[in-house]
Protein chains: 2
Amino acid sequence: MSTQEDLLEEARRMASLLQRAAEQVRADFARSVGPFDLPVATARALLLLDAPAAMRSLADHMACDQSYVTGLADDLERRGLVTREPGDDRRVKVLTLTKAGAALRTKLSRAVAPQSPVMVRLGLADRVTLERLLTTLLADQP
Amino acid sequence: MSTQEDLLEEARRMASLLQRAAEQVRADFARSVGPFDLPVATARALLLLDAPAAMRSLADHMACDQSYVTGLADDLERRGLVTREPGDDRRVKVLTLTKAGAALRTKLSRAVAPQSPVMVRLGLADRVTLERLLTTLLADQP
DNA sequence: TATTGTTATACTCTATAACTATA
DNA sequence: TATAGTTATAGAGTATAACAATA
């Protein structure tokens, strides 16, 4: 009997499962976005632009650098999906969906969410449990 | 009643939690490997070389391209941790841990798993549940 | 003809640093 | 002084394509 080895093996298995689940989520999102001819990051930004938002705020929500958001905003603007206008504080630029942007965002959200493996493969009770476990796992993370 | 926006929001929240959990696992692995002065990918290869393996086989286990393994094998060999010798099929090169490689692999495996956040933050019952949910989520994946 | 491993190169994603214009 | 956004550049990580040796 080897309790220590069992624990190590369990840790390895859990780590692998979490990595694969995350990869599945990424791959599924990319697959859902594919038909829309949008870069994945651009699609993610579009979906987050539920309401008008400062670029800095979008960077926070995407957990990325502000300089990266500049490129995404360029792309969204080039495609006519957002406007980029000064806010009250004139350093800020507010991204607001155009009519076309809102329409595309709606189509995108209809394509993305229902096909998500988490929503398809797990029932409501399981999703609630999974959310609780992952939240515990991530508690007090920096 | 559940609107489209509610579904999207739930899917997004679950995706985010899974991404963050996976990132936590990666960060923890990197932190554990840190003191060993090995690149993360090299450390991962070292841990997988439990037994001698063809480079192609290692690429399969790491889910990466063969050309990438060439670089890892170069690194491991440079450090004196593996030998790289022709197999029966002389196209194949077999990676085998040296004495130093085996010793380092043992130390590494002891350092990596025990402080894993999954093991520390979740009790046994929760880990069993999480494993069941993730396995369901990943069932029948290509 | 197909496969292993190698090499050189290219690509994707994202961050860092320096800058400007406001505040 | 500090912050929002921009620009140019750099780096990590990994793949692609062409190739030689072997099957």
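Every chain is numbered from 1 and lettered A, B, ... according to where its sequence line falls, protein lines coming before strand lines. Please read all numbers here as calculations on a predicted model, not as lab measurements. Basis for what follows: all heavy atoms, side chains included, without hydrogens, waters or symmetry-related copies.
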Atom CG of A:Leu130 and atom OG1 of B:Thr129: how far apart are they, to the nearest 0.5 Å? 10.5 Å
Does B:Arg91 or A:Asp88 map to a spot on DNA chain C nearer the 5' end, using the closest nucleotide for each? B:Arg91
For the side chain of B:Ser116 and the backbone of A:Ala11, is there at least one donor-acceptor N/O pair under 3.5 Å apart? no
Would a single hydrophobic cluster contain both A:Met62 and A:Leu108, if residues Ile, Leu, Val, Met, Phe, Trp and Tyr are joined by side-chain heavy-atom contacts under 4.5 Å? yes
In terms of hydrophobic clustering (I, L, V, M, F, W, Y; side-chain heavy atoms under 4.5 Å; direct or indirect links), are B:Leu48 and A:Leu17 co-clustered? no
Output yes when at least one side-chain N/O atom of B:Lys93 is less than 4.0 Å from OP1 or OP2 of C:dT6, else no. yes
Taking 4.0 angstrom as the limit, do A:Arg12 and A:Glu9 come out as a salt bridge? yes
Any donor and acceptor pair, going by atom type alone, linking the side chain of B:Thr42 with main-chain N or O of B:Leu72 inside 3.5 Å? no
Can you list, in residue-number order, the parts of residues 44-63 of chain A that come under 4.0 Å of DNA chain D, counting heavy atoms only? A:Ala54, A:Met55, A:Arg56
Backbone N or O of A:Leu137 within a donor-acceptor pair of the B:Gln24 side chain at under 3.5 Å? yes
Neighbours of DNA chain D within residues 65-86 of chain B, by heavy-atom distance under 4.0 Å: B:Asp65, B:Ser67, B:Tyr68
Specify the closest pair of heavy atoms between B:Arg84 and B:Thr70, including all atoms of both residues, with the distance to one decimal. NH2-O, 3.3 Å
Atom-to-atom span, CG of B:Asp89 to P of D:dA23 - whole angstrom: 5 Å
Within this structure, what is the CG-to-P distance between B:Leu95 and C:dT4, rounded to whole angstrom? 14 Å
